[in-house]
Asker: 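Just dropping this structure here.
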2 protein chains.
Amino acid sequence: MVAEKGTVDRKRDSQALKGLLGVRDLVLGGGVSPGERLSEVWLAEKLGISRTPLRAALARLEQEGLLEQIPSGGYAVRGFTTADVFDAIELRGVLEGTAARLAAERGVTPAKLKAIKGLILELDKCFRDRPEDMLFAQYVELNAEFHSMLAGLAGSDMMRREVERATQLPFASPSAFLEKQEDVLAFRLSLVHAQRQHRDIVSAIEMREGSRAEALAREHARLARHNLEFVMEEDRSLITRVPGLTLIST
Amino acid sequence: MVAEKGTVDRKRDSQALKGLLGVRDLVLGGGVSPGERLSEVWLAEKLGISRTPLRAALARLEQEGLLEQIPSGGYAVRGFTTADVFDAIELRGVLEGTAARLAAERGVTPAKLKAIKGLILELDKCFRDRPEDMLFAQYVELNAEFHSMLAGLAGSDMMRREVERATQLPFASPSAFLEKQEDVLAFRLSLVHAQRQHRDIVSAIEMREGSRAEALAREHARLARHNLEFVMEEDRSLITRVPGLTLIST
DNA sequence: TGTGTCCAAGCTGTATACAATGATAAGCCG
DNA sequence: CGGCTTATCATTGTATACAGCTTGGACACA
């Protein structure tokens, strides 16, 4: 689980944070169904906090897009269609593409360029001669770091914030279809392609090829789309293993 | 009965809504300076509400990007640089462009197409023989409606939400540099160009030219960028008349 | 005069009590 | 027997009290 903004060690927001993580886990874990109303008193008791910090957490999750307001009051779990997930992935691609384009057009500081190139080399090390020997967990971690670094490469705080916001929805995250799927060979093989795209994106940025960098980053995100299609059409049993995919209705 | 229900509905979240609008107006009106801490008790007294709904409003405004959390607790007014405003405008262009592209690629229902074409004709009626006779207020209103409709043209709820989210920041709104500037002739003349772009965007969508629609929508947003440059370089006295521009520091 | 420490005031985060509103089910009338 | 009204209940929205933390300043000492 990604650390929340600000230091977690602050005991002051421990209650609000507990509510945020608790409700999020409950929703993503399938503890409540889409459309179902989330009773505040029930949740507060279940999580061991009072209603006040819980309401803050619910409001935030509504902004994140995981919950929706009920007209008569309160919140319900938001339901998603397959089209919604496609669009969320496309949206992330568009925003990451914009971050890449701006980085190329405006130029990147040598330090940042060196850092992200080093990250690519680290990612290379995860691949072994035999696919089954691959350092999967490390790849997942480094991949998340790569995308985070890409978002900030343009040096625009506004852009970095928005890209990271677009990855908040669990199934839109760059790691969405990676975690807990190391045993699916098809996913492993696609990582070779993904890593190639990582390299090309950075290369395009370095050579100031903005349009190419944008197109590559968009296409890179569409790998997730292919993975989603695989899950939905070939092996629906995987739905329960990708966080948030249980919220898909149709 | 129905009308009464409406008033009751408004009254239900009247406190939270009053807090939201009140704090927003206060910040945009320049009542508080960037970086300044917003004391909850002071705000609650000033707005005539209690701290609980006020905190909900503050949390929401932090999500909107108008406020930022202070590490030690509480919220402060967020400061923006000129680069931030540029990026916010660029971001809106990217998202509106994506909405336009998807609409072109996926096709638009005849009803929606007819509606937005009708809107363009309505916008045409705002122009008169002499620029000073232009129906400015009506143009502003119809322009906002056009952009709102464009966001939903692709039929993707996900995309519509995100586009509208990107227009939340006051200086990123399609109407940001329109309101209260009817006396500046330079702005009026640019509206002719803007309306031409409106027409071209819809035309591209109708002809399924996705890439062109995207490029046009992006360029259309950059009109706001030109307006911003005019304000910052030619006539800084206008800063106080564009909502939110008082938050710019450098 | 500069600096470190300590205290107090104010602030935020949290819990809880209260008010208002929507939902549900029972009962009455046609 | 069915539809409408009404009353009760559950649930959310709001206010307020309290506790812990941060901050700012005053004061003592080097």
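Since the structure is predicted, the reported quantities are computational estimates derived from the model, not experimental observations. Chain letters run A, B, ... following the sequence lines, proteins first and then strands; every chain starts at 1.
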Asker: I'd like to know if R37(B) reaches the base of dG10(C) with its side chain such that a donor and an acceptor end up less than 3.5 angstrom apart.
Answerer: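 By the distance-only test, no, there is no pair.
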Asker: In plain terms, say whether R222(B) and E90(B) are close enough for a salt bridge, that is, a side-chain N and a carboxylate O under 4.0 Å apart.
Answerer: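 Answer for the salt bridge query: yes.
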Asker: Output yes when at least one side-chain N/O atom of R55(A) is less than 4.0 Å from OP1 or OP2 of dG13(D), else no.
Answerer: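 R55(A) to dG13(D) OP1/OP2: side-chain N or O found under 4.0 Å.
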Asker: Rounded to whole angstroms, how far apart are CD on E40(A) and C1' on dT21(C)?
Answerer: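 That distance rounds to 14 Å.
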Asker: Using ring-ring contact (aromatic ring centres under 6.0 Å, His included), reason through F171(A) and F177(A) one step at a time and then give a plain yes or no.
Answerer: CA-CA 8 Å; F171(A) 39 73; F177(A) 294 89; 8.7 Å; no
Asker: Whole angstroms only, please: what is the CD-P distance between E45(B) and dA15(D)?
Answerer: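 Going from E45(B) (CD) to dA15(D) (P), I get 13 Å.
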Asker: Taking the six-membered ring for Trp, are F146(A) and H198(A) parallel (under 30°), tilted (30 to 60°) or perpendicular (over 60°)?
Answerer: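 Correct class here is tilted.
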Asker: Between W42(B) and P53(A), which has a closest nucleotide on DNA chain C that is more 5'?
Answerer: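 The residue whose closest nucleotide sits nearer the 5' end is W42(B).
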Asker: Could you please name the option among dT23(D), dC11(C), dA17(C) that lies closest to any side-chain atom of R51(A)?
Answerer: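 Nearest to the side chain of R51(A) among the choices is dA17(C).
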Asker: Just to be sure I understand the rule, does L38(A) reach a base, reach only the sugar-phosphate, or reach nothing, if contact means heavy atoms closer than 4.0 Å?
Answerer: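 The residue L38(A) makes sugar-phosphate contact but no base contact.
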Asker: Establish whether the base of dT16(C) is bridged to the side chain of T52(A) by a donor-acceptor pair shorter than 3.5 Å.
Answerer: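 Indeed there is one.
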Asker: Give the rounded distance in Å between these two atoms: CD1 of I70(B) and C1' of dC21(D).
Answerer: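 Taking atom C1' of dC21(D) as the reference, CD1 of I70(B) is at 14 Å.
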Asker: To the nearest Å, give me how far apart CD (Q15(A)) and P (dA19(D)) are.
Answerer: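 Q15(A) atom CD is separated from dA19(D) atom P by 16 Å.
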Asker: Tell me the interatomic distance from K18(B), atom NZ, to dG13(D), atom C1', rounded to whole angstroms.
Answerer: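 Between C1' of dG13(D) and NZ of K18(B): 14 Å.
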Asker: Between the main-chain N or O of G152(B) and the side-chain N or O of K112(B), is there a donor-acceptor pair closer than 3.5 Å?
Answerer: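 Present.
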Asker: Looking at dT21(C), I'd like to know if its phosphate oxygens (OP1 or OP2) sit under 4.0 Å from a side-chain N or O belonging to S72(A).
Answerer: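 False: S72(A) side-chain N/O out of range (4.0 Å or more) of dT21(C) OP1/OP2.
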Asker: Measure CG/L20(A) against P/dT14(C) and give the value in whole Å, please.
Answerer: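 After rounding, the gap between these two atoms is 12 Å.
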Asker: Where the side chain of S50(B) is concerned, which of dT12(D), dT16(D), dT23(D) is the nearest nucleotide?
Answerer: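 When the side chain of S50(B) is considered, dT16(D) is the closest of dT12(D), dT16(D), dT23(D).
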Asker: Send over the distance from Q69(A) CD to dG22(C) P, rounded to a whole Å.
Answerer: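 That distance rounds to 15 Å.
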Asker: Mind calculating the distance between CG (L58(A)) and C1' (dG13(D)) to the nearest angstrom?
Answerer: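 Rounding to the nearest Å, CG of L58(A) and C1' of dG13(D) are 13 Å apart.
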Asker: Output a table of donor-acceptor pairs, distance under 3.5 Å, between side-chain atoms of residues 33-40 of chain A and any protein atom two or more places apart or on a different chain; print 'none' if there are none.
Answerer:
from   : atom 1 : to     : atom 2 : distance (Å)
E36(A) : OE1    : S33(A) : N      : 3.0
R37(A) : NH2    : G73(A) : O      : 2.8
E40(A) : OE1    : R51(A) : NE     : 3.0
E40(A) : OE1    : R51(A) : NH2    : 2.9
E40(A) : OE1    : R55(A) : NH1    : 3.3
E40(A) : OE2    : R55(A) : NH1    : 2.7

